[in-house]
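Just so it is clear: chains get the letters A, B, ... in the order the sequence lines come, proteins before strands, and each one is counted from 1.
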Amino acid sequence: MITVNSVYHDYEGKGYYAVSDISFSIEGGKIFGFLGPSGAGKSTVQNIMTGLIPLQRGEILYNGQSVKALKTKFFNQIGVSFEQPNVYAKLTGYENLKYFAALFSVPTHDPMKLLDRVGLRESAHKKASEYSKGMRQRLTLARALINKPKYLFLDEPTSGLDPSTAASVRELIREQRDGGAAVFLTTHNMELADSLCDTVAFLYGGKIAAMDSPEVLKLEYGKRLVTVTYDEAGNECSKSFDMSDRKALAEFLVDVNPIKIHSQEATLEEIFLRVTGKELKS
Amino acid sequence: MKSIIMTIVREFKLIFRDGITIYLTISPAVLALIFIFIFSSVQESDIALAVDKSLPQDLVAKLESVADIEFVDNLESLKERVSGADSIAGVTMQDGTVSLLVEGNEAQGFAESRQNLVSAALGTESIQYTTETVEGQNSLAYTISMACIFLLALFIGGSSLGLSGVNERESGVIHAVSVSPMTLGSYAVSKIILSLLFGIIGVSACALIMGRVDALPQFLLLALCSVFVSGMIIFLIIGFAGNQIAAVGVLKIVMPLFLVVGISSVFISEKWLFLYYAFPMYWQYAAIDTVISSREPTFQFLMILVTGFAWFIPVMIVFTKKVKMKAWR
């Protein structure tokens with residue numbers, strides 16, 4: 001279990017906090033989504049959690065052990081996929097994974113099998129410099145998984161991927177969760193978060209604006225609507241009804257000639273807008 | 001240990017897949033070739049012997065039949081002539097015996113070949129020869145040129161690994177290494193070992209090309225004792241250059257610094273020389289100068305290690321701060 005308690009970080013030491021009062025926890029076998037626009041502080045939190053940035057204030061615990069006291073062996077248990085696909089460009093995909101596998105003192109995946117899982121088997125012996133951005137992204141993800149991590153940190157794992165590959169990456173992330181890993185997912189892709197996360201936190205201006213499961217957030221902040229598209233003197237019109245007001249919907253349907261009826265629920269995107277007053281993709 | 005070996009293998013692959021680094025690596029050997037073209041013109045002229053006035057005229061006539069003869073006034077002048085930059089032996093008469101004088105740092109077999117030549121020319125094998133060696137006095141240009149090439153060979157070993165590290169920093173892959181179980185110590189050791197290897201190969205190639213095989217063990221020791229200097233070069237470059245363009249800028253500062261500091265000591269008054277004692281580059285130059293003069297450079301080697309270590313520690317502190325690699329965990 002990962003526990004984060006009241007974490008603050010000030011890059012310049014001038015009292016301006018890039019992130020402040022960040023608290024949450026992630027149990028094993030769960031995916032925690034950290035959502036927010038660019039510059040919200042998502043990567044800062046991930047970097048503090050992985051020890052890349054020193055913890056200044058607050059507490060981060062891995063099964064009760066502080067991030068400040070982590071020993072070398074602990075790093076056998078974590079896998080990190082960075083937003084920028086940072087790989088050795090002059091090594092092949094296979095060589096990249098083989099090299100990183102050798103750094104761990106725990107059983108690792110077979111690099112070729114892992115490359116197969118992320119759809120890079122055919123390009124395994126090509127230099128990473130010849131890969132597209134999406135291919136490098138997949139290689140970075142494969143590298144994060146090479147040591148069968150107990151704690152997995154994923155920063156925009158589907159960025160730049162085509163829908164089919166993104167779906168396969170989603171499946172891979174679910175497998176890690178089902179295998180008992182605690183997954184920390186930072187993204188501004190609401191669909192990805194909605195489809196994967198057990199809990200999501202909206203990060204805005206360096207602070208957590210809301211945090212809960214996607215379902216609870218939708219119930220709390222969203223309205224479930226039914227939209228009726230109907231014919232009116234040859235023109236296609238539409239009207240939305242709150243799902244709780246079924247009487248009004250029924251009466252309306254009697255009076256008009258309906259063409260289509262769609263149920264709608266609030267998206268995380270809309271909830272983010274409602275909570276923060278800002279668009280997520282800004 | 002496995003991670004260090006794999007990192008060395010990985011560095012080898014990266015360096016040999018990078019054209020610029022290959023050119024950098026072979027550049028000292030190319031310079032050594034240029035060096036021998038320039039200095040061999042001085043050293044590979046026709047066989048010459050210097051004689052002083054003590055040598056009887058009939059013996060001089062016999063020597064003239066096998067070599068070009070240069071006349072000097074006395075024994076002191078003869079010793080001075082022999083210790084010049086070119087390869088020349090001196091012949092003199094001492095206590096009724098013909099003596100051969102050769103410079104102490106001449107190539108192996110030089111004394112024997114000149115002794116045989118003089119013996120054959122005089123045609124009197126029964127004459128007893130005594131061979132006296134005089135201390136070598138290489139020309140400043142010769143010493144500086146040779147030192148430059150060996151210092152460059154050592155510098156290139158470190159800078160190649162430094163550039164490879166800059167590439168890791170620029171691509172961000174160093175962060176992936178930082179969140180792996182590889183420690184800063186293993187990371188540093190793997191880079192330093194390879195730079196030592198490049199340094200050893202570089203100085204060996206230069207010693208072979210320049211005909212100083214006799215001093216090869218000392219040049220290898222020089223490379224080994226320069227372990228912390230190589231480390232300084234590597235981590236200064238990575239620490240101060242976030243990308244390859246910045247690395248070129250850092251090289252422009254670091255390279256002259258590491259080559260010129262030692263050599264500039266030649267032009268400094270002896271009373272100010274103590275200021276150089278804190279710099280390992282000075283001791284590197286002093287060691288090369290001592291090796292060229294066929295003297296024992298043990299003290300200089302020791303000082304390279306001591307001063308190199310003293311500078312290496314602050315460089316590593318700067319590196320860990322700049323790159324945000326955890327020093328201890």
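The shortest non-hydrogen separation linking Thr92(A) to Arg17(B) is N-NH1, 4.2 Å. Nearest heavy-atom pair, Met182(B) versus Leu103(A), reported as atom, atom and distance to 0.1 Å: SD-CD2, 4.2 Å. Minimum heavy-atom separation, Ala102(A) to Met6(B): CB-CG, 3.2 Å. The heavy-atom pair separating Val179(B) from Val80(A) by the smallest distance is CG2-CG2, 3.8 Å. Across all non-hydrogen atoms, the minimal contact from Asn86(A) to Gly172(B) is ND2-O, 2.8 Å. Contact between Thr72(A) and Pro181(B) at its shortest, heavy atoms only, is CG2-O, 2.8 Å.
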**Asked** Can you check side chain to side chain contact (heavy atoms under 4.5 Å, CB included) on Val9(B) and Tyr99(A), steps first, answer last?
**Response** CA-CA 9 Å; Val9(B) 172; Tyr99(A) 168 65; over 6 Å; no
**Prompt:** Would Phe100(A) and Val177(B) satisfy side chain to side chain contact (heavy atoms under 4.5 Å, CB included), going step by step from the backbone distance to the final call?
**Reply:** CA-CA 8 Å; Phe100(A) 276 95; Val177(B) 176; 4.1 Å; yes
**Request:** Apply the test side chain to side chain contact (heavy atoms under 4.5 Å, CB included) to residues Glu95(A) and Lys13(B): give CA-CA distance (whole Å), side-chain angles for both, the deciding distance (0.1 Å), then the verdict.
**Result:** CA-CA 10 Å; Glu95(A) 286 170 339; Lys13(B) 283 181 185 170; 3.5 Å; yes
**Message:** side chain to side chain contact (heavy atoms under 4.5 Å, CB included) for Val173(B) and Phe82(A)? Distances and angles first, verdict last.
**Reply:** CA-CA 9 Å; Val173(B) 72; Phe82(A) 297 85; over 6 Å; no
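In Tyr8(A), the OH atom is crowded: over 12 heavy atoms of neighbouring residues, nucleotides or ligands sit closer than 6.0 Å. A 6.0 Å sphere centred on NZ of Lys148(A) holds more than 12 heavy atoms belonging to other residues, nucleotides or ligands.
The contact between Val87(A) and chain B is made entirely by backbone atoms, counting heavy-atom distances below 4.5 Å. Using a 4.5 Å cut-off between heavy atoms, Lys127(A) contacts chain B through its side chain alone, with no backbone atom that close. Contacts between Ser186(B) and chain A at a heavy-atom distance below 4.5 Å are absent for every atom of the residue.
The candidate from Arg10(B), His175(B), Glu168(B) with the greatest count of non-hydrogen atom pairs under 4.5 Å with chain A is Arg10(B). By number of non-hydrogen pairs under 4.5 angstrom with chain B, the leading residue of Lys98(A), Lys90(A), Gln77(A), Arg143(A) is Lys90(A).
Going from atom OG of Ser180(B) over to atom CD1 of Ile146(A) covers 12.5 Å, rounded to the nearest 0.5 Å.
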